[in-house]
Amino acid sequence: MTEGTTSAAAEGDTLTRLEQEGEIAADYLEGLLDIADLDGDIDMDVEADRAAVSIVSDSGGRDLQKLVGRDGEVLEALQELTRLAVHRETGDRSRLMLDIAGFRAKKREELSELGAKAAAEVKSSGEPVKMDPMTPFERKVVHDAVKAAGLRSESEGEEPQRFVVVLPV
């Protein structure tokens, strides 16, 4: 086998594994929706080398907001439970991302803007900018936005007070 063939096979194996994670997560979440008597459709995808599962609703997602909670706290907990369900089935640690009623997608947009604004401030002032504490997901989005703006950033502090510092070049 050539190196390209080996690489393609490994990519195919990874995609198959991530699709399997998505299927397991979808089954788990379907059961959860049934127990909670909530309506929602489950979409699965693979994004950035991780399984991505979304629960969406045709009715605007009002009922699904219960599964998001205040500031996404319930969503974070459900994501961890779903990851544990996948781990139980596969024996492998999962990096699965869960979105409910578009909460994470909207949050990602807001945080990208926040990261870009912080980068612009650092570029104009030349001084580092410390941001408010964030979840790992939120910090990752901000780090990506800062990198896209041509600057670098670091995370500092201890959970749950860990925050991003945007640094000048």
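All residue numbers refer to positions in the sequence shown, counting from 1. No experiment lies behind these values; they were computed from the predicted model shown.
- Arg50 places no side-chain N or O within 3.5 Å of a backbone atom of Leu96 that could act as its donor or acceptor partner.
- Evaluation of the salt bridge (charged side-chain N to carboxylate O under 4.0 Å, His left out) test over residues 140-153, restricted to residues two or more places apart or in two chains, returns Lys140-Asp144, Arg152-Glu154.
- Heavy atoms from other residues, nucleotides or ligands lying under 6.0 Å from CD of Glu159 number more than 12.
- A distance of 5.5 Å separates OG1 in Thr82 from CG in Leu98, rounded to the nearest 0.5 Å.
- With hydrogens and angles ignored, the 3.5 Å screen pairs a side-chain donor or acceptor of Asp99 with a backbone N or O of Arg104.
- In the displayed structure, Lys123 atom NZ is contacted under 6.0 Å by more than 12 heavy atoms of other residues, nucleotides or ligands.
- Atom CG of Leu78 sits about 7.0 Å away from atom CD1 of Ile55, to the nearest 0.5 Å.
- Within the 3.5 Å criterion, the main-chain N or O of Val56 finds no donor-acceptor partner in the side chain of Ser54.
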### Query
After noting the C-alpha distance and the side-chain angles of Val86 and Glu89, does the key distance pass the side-chain contact (heavy atoms from CB on, under 4.5 Å) rule?
CA-CA 5 Å; Val86 170; Glu89 293 289 322; 5.9 Å; no
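- In this structure the side chain of Leu81 reaches within 4.5 angstrom of the side chain of Tyr28, judged on heavy atoms.
- Residue pairs satisfying the salt bridge (charged side-chain N to carboxylate O under 4.0 Å, His left out) criterion with at least one member in residues 20-41, sequence neighbours excluded, are listed as follows: Arg17-Glu21.
- Side-chain contact check for Ser94 and His87: no donor-acceptor pair (N or O, by modelled atom type) lies under 3.5 Å.
- Other members of the cluster containing Val169 are Met97, Leu111, Leu114, Val122, Val129, Met131, Met134, Phe137, Val141, Val142, Val146, Leu151, Val164, Val166, with ILVMFWY side chains joined at under 4.5 Å, either directly or via other members.
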